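Quick caveat, the model's predicted, so the values are computed rather than measured.
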Amino acid sequence: MSERKDLELIAQLVPQGSRVLDLGCGNGALLALLRDTRGCSGYGVELDDAKVHECVQRGVNVIQRNLDEGLAIFADQAFDVVLQLDTLQNLRNTEAMLIETVRVGRLGIVSFPNFAHWPNRVSVLRGRMPVTKVLPYQWYDTPNIRVGTFADFEVLARKNGLRVLDSFGLQNGQAVRRWPNLMAGTALFKFERA
């Protein structure tokens, strides 16, 4: 989730002046963009040493922490928006993290590789796991511990009492609103507690 156009599309979902928590913030590019263009403040959470260093170089507040440990260090409704971009598929307890997201923040925004994207379906039909720009790893060395689809997240959100406020796919820096489960490599959802 590092392409500038994708980050700009996501930034538009974050209300001006929001206090933001970015879980798995990577190099801090989105938090820096939100700070510089939307007047947002907040923190990133990142485990990787090199990425934490890049955040610091960008002037982004960052906490080094393993997200599998949960968000107990944050108070209820401490943030306006909690971001999980390209993070959810790497976590051991996806459901618990979604519930924590709406406990810690008023709004949640998540993105993840959409395994139902048509090139992925073709790969599976050919008997191989997909390797794409969004899913660039071989099956044996992927950091993703689970795969999901646009449609799967809609079911999970309903099951956990989350109201989807906006959803679309991302493909080549463009929002995909028509048939995103088939036509987009990345799924994106903005939600709140119902």
Side-chain angles (χ1 to χ4, degrees), residues 1-113 143-144 153 156-157 160-170 173 175 186-194:
M1 189 57 59
S2 60
E3 292 184 23
R4 181 70 181 197
K5 288 181 181 180
D6 287 352
L7 294 181
E8 288 171 356
L9 284 169
I10 293 164
Q12 292 173 13
L13 296 173
V14 178
Q16 192 82 23
S18 291
R19 185 156 163 76
V20 177
L21 178 63
D22 188 351
L23 304 175
C25 68
N27 64 14
L30 180 57
L31 279 171
L33 178 68
L34 290 170
R35 176 194 63 212
D36 297 343
T37 64
R38 304 203 47 89
C40 295
S41 62
Y43 292 89
V45 178
E46 180 57 54
L47 184 60
D48 183 272
D49 290 337
K51 291 177 182 175
V52 167
H53 183 69
E54 287 181 69
C55 287
V56 171
Q57 288 181 318
R58 287 182 193 269
V60 169
N61 297 320
V62 63
I63 299 167
Q64 190 168 26
R65 183 172 177 83
N66 184 339
L67 290 173
D68 282 323
E69 296 172 6
L71 302 179
I73 64 170
F74 300 108
D76 293 358
Q77 302 297 292
F79 297 90
D80 299 310
V81 179
V82 177
L83 303 167
Q84 289 186 65
L85 306 178
D86 206 23
T87 301
L88 208 54
Q89 73 276 8
N90 300 312
L91 299 176
R92 299 211 180 279
N93 197 337
T94 302
E95 257 183 298
M97 188 55 75
L98 286 175
I99 299 305
E100 281 289 274
T101 295
V102 292
R103 178 189 67 78
V104 171
R106 193 174 48 81
L107 297 173
I109 298 174
V110 299
S111 72
F112 54 90
N144 300 322
F153 188 86
L156 182 63
N160 285 285
L162 304 176
R163 180 183 304 118
V164 174
L165 303 172
D166 196 3
S167 63
F168 54 90
L170 294 172
T186 300
L188 187 97
F189 288 85
K190 179 178 180 178
F191 58 93
E192 66 184 3
R193 188 186 320 243

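In this structure, E100 CD and D76 CG are separated by 8.5 Å, a value rounded to the nearest 0.5 Å. Here CD of E69 is found 12.0 Å from CZ of R92. Values are rounded to the nearest 0.5 Å. Distance check: K190 NZ to Q12 CD gives 10.5 Å after rounding to the nearest 0.5 Å. One distance of note links CG of D68 with CG of N66; it measures 5.0 Å at 0.5 Å rounding. The distance from the OG1 atom of T94 to the CD1 atom of I99 is 11.5 Å, given to the nearest 0.5 Å. Atom-to-atom distance recorded for D166:CG and F189:CZ is 10.0 Å, nearest 0.5 angstrom.
Under the 4.5 Å side-chain criterion, counting only non-hydrogen atoms from C-beta, Q84 is in contact with L91. Side-chain contact between C40 and V81: absent, with no pair of heavy atoms (C-beta onward) separated by less than 4.5 Å. Counting heavy atoms from C-beta on, the side chains of V62 and C25 come closer than 4.5 Å.
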Practice task
Show your reasoning for whether side-chain contact (heavy atoms from CB on, under 4.5 Å) applies to L34 and D22.
Solution key: CA-CA 11 Å; L34 290 170; D22 188 351; over 6 Å; no
Exercise for the section: Take N144 and N90 through the side-chain contact (heavy atoms from CB on, under 4.5 Å) test and state the conclusion after the steps. Expected result: CA-CA 5 Å; N144 300 322; N90 300 312; 3.1 Å; yes
Practice task
Report the C-alpha separation of L88 and L98 in whole Å, then their side-chain angles, then the decisive distance to 0.1 Å, and conclude whether the side-chain contact (heavy atoms from CB on, under 4.5 Å) test is met.
Solution key: CA-CA 9 Å; L88 208 54; L98 286 175; 4.2 Å; yes
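Here the shortest heavy-atom pairing between R106 and P15 reads NH2-CG, 4.5 Å. Residue V110 comes nearest to F191 through the heavy atom pair CG1-CE2, 3.7 Å, listed as atom of the first residue, atom of the second, then distance. Of all non-hydrogen atoms in L85 and S111, the two that sit nearest each other are CA-OG, 3.3 Å. For the residue pair G26 and C55, the shortest heavy atom distance occurs at O-SG, 3.2 Å. Among all heavy-atom pairs drawn from N27 and E54, the shortest one is CB-OE1, 3.3 Å. When all heavy atoms of F74 and I63 are compared, the pair lying nearest together is CZ-CD1, 3.9 Å.
Remark: the backbone N or O of L162 is not paired with any side-chain donor or acceptor of N160 at under 3.5 angstrom. Under a 3.5 Å cut-off, the side chain of T87 and the backbone N or O of L23 do form a donor-acceptor pair. In this structure, R103 contributes its side chain and L71 its backbone to a donor-acceptor pair below 3.5 Å.
For F168, there are no ring pair (Phe, Tyr, Trp, His ring centres under 6.0 Å) partners, not counting sequence neighbours. Remark: R58 pairs with no residue by the salt bridge (Lys or Arg N to Asp or Glu O under 4.0 Å) rule, at least two apart or across chains.
Each of L13, D6, L9 was evaluated against L188; a single residue qualifies, L13, per the side-chain contact (heavy atoms from CB on, under 4.5 Å) test. Of the residues L21, T101, V14, the one that meets the side-chain contact (heavy atoms from CB on, under 4.5 Å) test with L83 is V14.
Contacts classified as side-chain hydrogen bond (donor to acceptor under 3.5 Å, both in side chains) and involving residues 29-51 (residues at least two apart or in different chains) are given here: D49-Q64.
Ring geometry, F112 versus F153: the interplanar angle falls from 30° to 60°, so the pair is classed tilted.
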